[in-house]
Amino acid sequence: TLQRLHVERTLPMVAGEAVRDYFLDPGIECIWPYDANLQIISEADVPNTVLALWPNREYLLQRKCFGRVIDTMPGFVWYQYRELYDARLRTPLTITFAEVATHNHFAMNRARRAFNRTAPVIKLPHGASEDDHLELLGVLSSSTGCFWFKQACFPKGGSGMGRGIQPEDWMERFAFNATNVIDFPLPNELPLTFGRDLDALAQRLSDVQPSAACANRVPIRDRLDKARAEQASIRGQMIALQEELDWEVYRLYGLLTEQEAAELQADPESVPDLD
């Protein structure tokens, strides 16, 4: 629709269901009438955007921002976002997560994207490095993290009409809301190596998705078969590394002695792919 209307500027938007297994796939494009400095663009410079939104102009003017009607706020352009925290968008590094899911799903984001309420974001202090994000990503995505979140967060409950039958406990959905996530207790040391490796594999996985394989080249049979085999291999590596991450996090929280950890942990380079 946005292409048909020739909307000048768009931005990928991430929803919670797009965040799974260290990987996020936006899948949605939203209208983005801002320049590279996050300043609203004038109507004259985005005529197609204005034309696309014009039928909703009066509705947009009646939105409220902190209790005030936008139409009464000086300098507020009718098609700009009601709340835009530009300071948080200037640094693209972000950890996002699925707010409602059966398990804890966190993923690293390096590009400028919009996130809706079902995909809250974690922003580290200004100056935090990529490694700071990746070591946090690892511990948040661990089985120990999953256990803690399920004790602290509320189950969504319900099955049957519209949701299907949920005969297994693991199928229960939880609301991983930011209020509880912020209280997650961190160990003194964080699993940087595993967080970095799993994130790197997730990036490789995005390059062999069916949509990517079809977008880059003509999707002939041989290329699709190769992409599918590579996807299966990468996912097998990720499952194996997740197992090793979980043992490492047990150690970091003091749930294993150093001797137990040495016996249970394997060299990541030697771990076979898991199905």
Side-chain angles (χ1 to χ4, degrees), residues 1-20 23-101 105-128 133 156 162 173 175-182 206 209 211-212 215:
T1 300
L2 298 180
Q3 290 177 352
R4 178 172 54 82
L5 296 173
H6 303 289
V7 168
E8 289 84 0
R9 297 180 68 88
T10 64
L11 193 72
M13 176 177 282
V14 178
E17 58 265 28
V19 184
R20 291 291 184 273
F23 174 69
L24 59 88
D25 181 13
I28 305 172
E29 289 287 321
C30 63
I31 294 175
W32 186 250
Y34 294 87
D35 62 18
N37 295 317
L38 300 176
Q39 300 299 308
I40 191 71
I41 302 175
S42 67
E43 292 190 29
D45 293 327
V46 285
N48 295 329
T49 294
V50 171
L51 190 64
L53 293 176
W54 188 261
N56 299 296
R57 182 175 184 276
E58 289 303 314
Y59 173 77
L60 293 172
L61 282 170
Q62 296 309 310
R63 293 175 293 163
K64 288 186 177 181
C65 185
F66 299 110
R68 296 181 60 189
V69 177
I70 284 174
D71 198 14
T72 66
M73 298 173 62
F76 203 102
V77 180
W78 65 270
Y79 54 83
Q80 75 182 71
Y81 278 67
R82 183 178 60 178
E83 294 182 49
L84 181 72
Y85 303 104
D86 56 351
R88 300 180 186 179
L89 290 172
R90 293 189 187 281
T91 304
L93 287 179
T94 298
I95 296 175
T96 185
F97 57 97
E99 185 188 36
V100 177
H105 291 282
F106 291 79
M108 183 80 165
N109 175 68
R110 294 174 174 82
R112 182 171 289 175
R113 294 186 172 108
F115 298 84
N116 77 357
R117 62 180 179 80
T118 64
V121 301
I122 298 171
K123 297 293 289 187
L124 297 189
H126 179 71
H133 289 76
K156 295 293 285 185
R173 297 170 181 84
F176 300 110
N177 58 73
T179 304
N180 288 323
V181 171
I182 200 173
S206 68
Q209 294 295 314
S211 57

Do [X] and [Y] touch side chain to side chain, with heavy atoms closer than 4.5 Å?
| X | Y | result |
| --- | --- | --- |
| Leu93 | Arg110 | yes |
| Val100 | Thr118 | no |
| Phe97 | Pro120 | yes |
| Phe106 | Leu24 | no |
| Val50 | Trp78 | yes |
| Val14 | Val19 | yes |
| Leu53 | Ile31 | yes |
| Pro33 | Glu8 | no |

Look at the aromatic rings of Tyr81 and Tyr34 and report parallel, tilted or perpendicular, splitting at 30° and 60°. tilted

Nearest-0.5 Å distance, [atom1] of residue [X] to [atom2] of residue [Y]:
| X | Y | atom1 | atom2 | result |
| --- | --- | --- | --- | --- |
| Leu2 | Thr49 | CG | OG1 | 8.5 Å |
| Arg112 | Thr94 | CZ | OG1 | 10.5 Å |
| Leu11 | Ile28 | CG | CD1 | 11.5 Å |
| Thr96 | Asn116 | OG1 | CG | 9.0 Å |
| His133 | Ile122 | NE2 | CD1 | 9.0 Å |
| Arg113 | Trp32 | CZ | CH2 | 13.0 Å |

Mark yes or no for whether [X], through its side chain, and [Y], through its backbone, hold a donor-acceptor pair below 3.5 Å.
| X | Y | answer |
| --- | --- | --- |
| Arg57 | Tyr79 | no |
| Arg117 | Glu99 | no |
| Thr10 | Cys30 | no |
| Arg68 | Cys65 | no |
| Asp35 | Gln39 | yes |

Heavy-atom closest pair, residues [X] and [Y]:
| X | Y | value |
| --- | --- | --- |
| Pro26 | Pro12 | CB-CB, 3.7 Å |
| Ala15 | Ala119 | C-CB, 3.8 Å |
| Gln80 | Arg63 | O-NH2, 3.0 Å |
| Ala44 | Pro47 | O-CD, 3.6 Å |
| Lys64 | Arg82 | O-CD, 2.7 Å |

Heavy-atom count check: over 12 atoms from other residues, nucleotides or ligands less than 6.0 Å from Gln62 CD?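 More than 12 heavy atoms, drawn from other residues, nucleotides or ligands, come within 6.0 Å of this atom.
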
List the steps and the verdict of side chain to side chain contact (heavy atoms under 4.5 Å, CB included) for Arg9 and Ile41. CA-CA 10 Å; Arg9 297 180 68 88; Ile41 302 175; 3.2 Å; yes

